[in-house]
Each structure stands twice: as structure tokens, then as C-alpha cells.
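The basis for the numbers below is simple: all heavy atoms, side chains too, and nothing from hydrogens, waters or symmetry mates. Throughout, a chain's letter reflects where its sequence line sits, starting with A, and its residues are numbered from 1.
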Amino acid sequence: MTSTTNIARKAGNKSVRVGEDGSVWIEGYRCGACGAVMPVQTIACRSCAGRVAPEAYRSPETGTLYTWSVVHRSYPGVAVPFVSAIVDLDGGLSFKGTLKGVPFEALQAGMPVRLVFDDAGGAVDGDGHPYVGFHFVAGDAS
Amino acid sequence: MSDAYIVGAGMIPFGRYPDRTYFQLAADATLMALDDCGLSIKDVGVVYASSTFNAASMLGQKMLQQIGQTGVPVINVSNACASGATAVREAFVAIKSGLYDVVLAVGAEKNPRGMLAGSPVDGPPPEGLFGSVSMPALFAEAGMVHANAYGTTIEQFAQVAVKNHHHATMNPKAAYRKETPLEEVLASEMIAYPLTKLMCSANVDGAAALILVSEKKARELGLSRAVRLLGSALASDPFEPRNPDMLDPNSVTRLAVAQAYEMAGMGPEDMDLVELHDCFAVAEILHYENLGLCADGEGGAFIDSGATALGGRIPVNVSGGLLSKGHPIGATGVANMVEIIDQLRGEAGARQVDGAKIGMTHVLGFGTGSAAGVHIFEKA
Ligand SMILES: [Zn+2]
């Protein structure tokens, strides 16, 4: 996506990062002792309790569909139906996100999917900074 | 170390109580439990009071202001849907410690209305943008893992609702007491596939209370209606790579039940009946396997076999469960123990499980993390 505004964009999710040059990526953290991967910076390792803080890495945006639900009833103002998906990204992170562009009957566990950054539905924070969000599409979509 | 016994149990009918506060509901259930064993609030040495939403407002003290301010310690407990089991677990520990002979565990809730969601996060409202944060969607996703791995069908998930709604018709304290044939469950509003509205728990108010006593006190009161608490386990979410983006109902439940079985010196084959956390119909299928009632992957066939219906080999949720008895969140973990106690006493009326001697309860709490409680009871 391109930004046409000069107001800095903000991460719309705990694992989205926005660089000073406007680039966006997904950041994960990996424990040097046990290899466990986590989506947020922790003080020690969540898995092995090792005291060396897991180190940041830039996550691939490709992965596979683990599970999903087609959501028919949501909160007021939210368009339904949509696919709430759990995706395992290559490299070990897993995220919940909305999967778009795949007919419901074509959903398959293990199908390749890809994370795509978006404008978080046009959401802005209290000072007018636009958020950067993401959704998933089928892995072979462009 | 003294064994812990339940001598008093009380539960108000589950439903809507627009004109009563949560602490009045707690007081109602407490007085029922005290009257059940002929004790007074003045006999109680310590109070564990559970409310997922109101523990921070000192539920226990507010309740004592209604029925007698005896000055005893009160511990207010909030642990998502496992709050009630957490209160009982702490009551058990208090008896086991030898410090107290009579302990009250009480849970009460006036549930917020509407569809429940997980905890709020930073950034824009996530619903729809980042999948769904609703509890139905979260459990639907867990159910689809089972469906994808083992071919479990929406009809098998729906049969859980058919069964538990049927059981509730025999429970005068259940919120919903209406048969729902399979076609009706499948035809009700789709909430989050594979969950229809009739496969989601009943969002109601309620309260339940237990009086736990030491062995010495139990013998003094008489053991004829006493129930021994053989195993009490509470677990929190162990590390799972997808957690908490995908909360995992399985690993935390398996951790708790293994400890409860070990403490009781028993296994799933010893259970005569089980009340488990059927917050959504898919959850009951997952927990058949998590609790070891059937082998992994066989949950769908297990419901089809009729084993878990009243009259089957191991009846599950004969109270109607959360699906139809109701799910007042902070009371749920205490209420499912009240059902087991009624059953072990042979006082469960039309839904009595013949010859029930040993029963188990399970609850699962999801918030920003997970908690599971498992308790095993034996007729004294
Ligand atoms: Zn580690």
C-alpha cells in the first residue's frame, strides 16, 4: 500500500512495525536458548524462562491456514460474514486475522496464505494518525 | 492432613434477576448452603467469593453486609470462567492447611448482556479487521481444528446442544428448559460456523455456594449427606506457540485433569458422571478427549454413541450444562459442583444418575490467558 499523507502512520496491531521511512513489517521474537517464537517482546522467555530476552526478527509474510470460522454475527457496524482465520506464518509466528478473497467452501486447513498490509479499515487514532493493519489472502493471490 | 468434605450446597435458579444485585444473589446462595447443613454464617472461618466481573468491588464483604459481618477474612477471586473453581480450590487448600474447619466458597454473577468478547487491545477495534474477538468465533475456530483433523461434523457438534437441552428439561433450576431437536439447533441463527445460536451458552445471572469442612467437623455434623473432595486442581495456560493469538482450550485442561486424577488416585474410567465446561457445543467434544473420557479424535463418535446422555455409560452435563442451565460466569464453577453433590447424594430427581458414587467437574476460563479447574468428588 502507499501512503499519500505526511502524517506518520501507526501500528494497528501489537506485531506491526512502522519504520521511519514508512516501511512496514511484522516483528517477532525468538529465544536464543530454546528457539521458541513469540509475538511480543517479553522480559524472559515465555517457553523456557531463560533470562536472555528473546531477540527481534523480521517475520516472513507467507504461511499456511491453521483454522478459521466464518463469522455471521458480530458487533454493531461490523460487516458480516467474514472469515476469522488463524494463520501460521513461516518462521513460527501465528496470528488471528481476517482472510479475504477465498470462497468459504474453498477454505482448506494447510492452504498457503499471505499477509497483506492494509489501512485497518481507514481507522485513525485520536490525533488523526492512520493505522496500519493487515489481513490475509490466498498464497497465490496478488 | 485432613480430608476436605462438602456438607452444604446451594444454588439459586439461573435466569434474569433485574431487581437484585450480584451480592444479594451471593447471599441467597450462601444462606441456602448454610441451611443445607445446619450451620450459621458465624461458623464460617474464611470466605472465598468469586465473580469474574465484580471481584474487585469486594463481592464477599458486600455479601457479609447482607447476612452478618462476622469479621472473618474474605478473599475475592476473579479468574475468567474458572473463577468459581478457583474459589473452591482455595477453600480446599484452607481446609487442607488445618487452619480452618468451616470454609465458604461462593460464586455470583450478573452477566453483561450481549455477546461476550475477549479482552480489549491497543489500536483500532479489532473485530472484523483482525478476525473476530468474540467468544463464539474463538471456540468455533477451536472446533474447526477438530473438524479438520478428524472429520467431526456440524451435526455431531449440534448433538451436544440437543443432549444438554434435553437434560435441562429435568432440571427445575435451569434457565432454558426446552427440547431442541437437531433440525432446530441447526436451523437457529448461525453465529460463527459451526456454532449456531442454540450451540452457545445461556447468558444469565446466578449464584451458587458450597460449605467445605474438615474431617473432624464432618464427623461432628454427620456424614450421611457429606461428599468428599478427593482431587482439586487448577492450571494456567502452559506455553503454546499460538497462544494467546489462539487461546487453547486443550493444553490447560489436560494439565489440570492430570493433576486431579493423580491427587484422587483415579482415572476417567472411575467417573460415574461429569459436569464439564460446555460454553459452546464444540467445547464439549474437545473436553471428552481432554478429560480422557474417550480417545483423541473419537469425540464425535462418542456423542453419537449416546454414552454421555443420561442413562449412558458416562453421563455428561445432566444439569443441562452451560448451554441450557446457564453460564453466570463467576458462579458457573461452583454451580457445576452443586450438581455433582446433588447427584452423589441421590437427590437429583428426574435426572438422577443411578448409583452415582464419583463425579468430576471441569471449567475453563479464557481472557488474556487461560485457566482450568478440575475437581473430583466421592460420596462419603
Ligand atoms: Zn526459551
Determine the minimum heavy-atom distance between A/Y75 and B/V133, stating which atoms define it. CE1-CG2, 4.3 Å
Most contact-rich option vs chain B, by heavy-atom pairs under 4.5 angstrom, among A/G77, A/G92, A/S84, A/S94, is A/S84
Taking every heavy-atom pair that is under 4.5 Å apart, which of A/V124, A/V71, A/V80, A/V16 has the most such pairs with chain B? A/V71
Contact part of A/V37 toward chain B, heavy-atom cut-off under 4.5 Å: side chain, backbone, both or neither? backbone
Could you tell me whether the side chain of B/M144 reaches within less than 4.5 Å of the side chain of A/I86, counting heavy atoms only? no
Donor-acceptor pair, side chain of A/K96 and main chain of B/S132, under 3.5 angstrom: yes
For chain B, which of A/S47, A/C48, A/G110, A/A85 has the most heavy-atom pairs under 4.5 Å? A/S47
Does any heavy atom of chain B fall under 4.5 Å from the side chain of A/F95, the backbone, both, or neither of them? both
Identify which part of B/E240 has an atom lying under 4.5 Å from any heavy atom of chain A, answering side chain, backbone, both or neither. neither
For B/A142, does its backbone N or O pair with a side-chain atom of A/T67 as donor and acceptor, under 3.5 Å? no
Tell me, side chain or backbone of A/F134 under 4.5 Å from chain B's heavy atoms, or both, or neither? both
Specify which of A/G121, A/A120, A/A36 makes the most heavy-atom pairs with chain B at under 4.5 Å. A/A120
Checked B/A149, B/G128, B/A140 vs chain A; the most non-hydrogen pairs under 4.5 Å come from B/G128
Show the nearest heavy-atom pair for residues A/F82 and B/E127, with the distance to one decimal. CZ-OE2, 3.7 Å
Kindly check if the number of other-residue, nucleotide or ligand heavy atoms within 6.0 Å of CD (A/Q41) is above 12? yes
One option among A/D125, A/D88, A/L99 has the most heavy-atom pairs under 4.5 Å with chain B, and it is A/D88
Salt-bridge contact A/R46-B/D237 (side-chain N to carboxylate O under 4.0 Å): no
Would you mind checking which part of A/Y66 comes under 4.5 Å of any heavy atom in chain B, side chain (CB onward), backbone (N, CA, C, O), both or neither? both
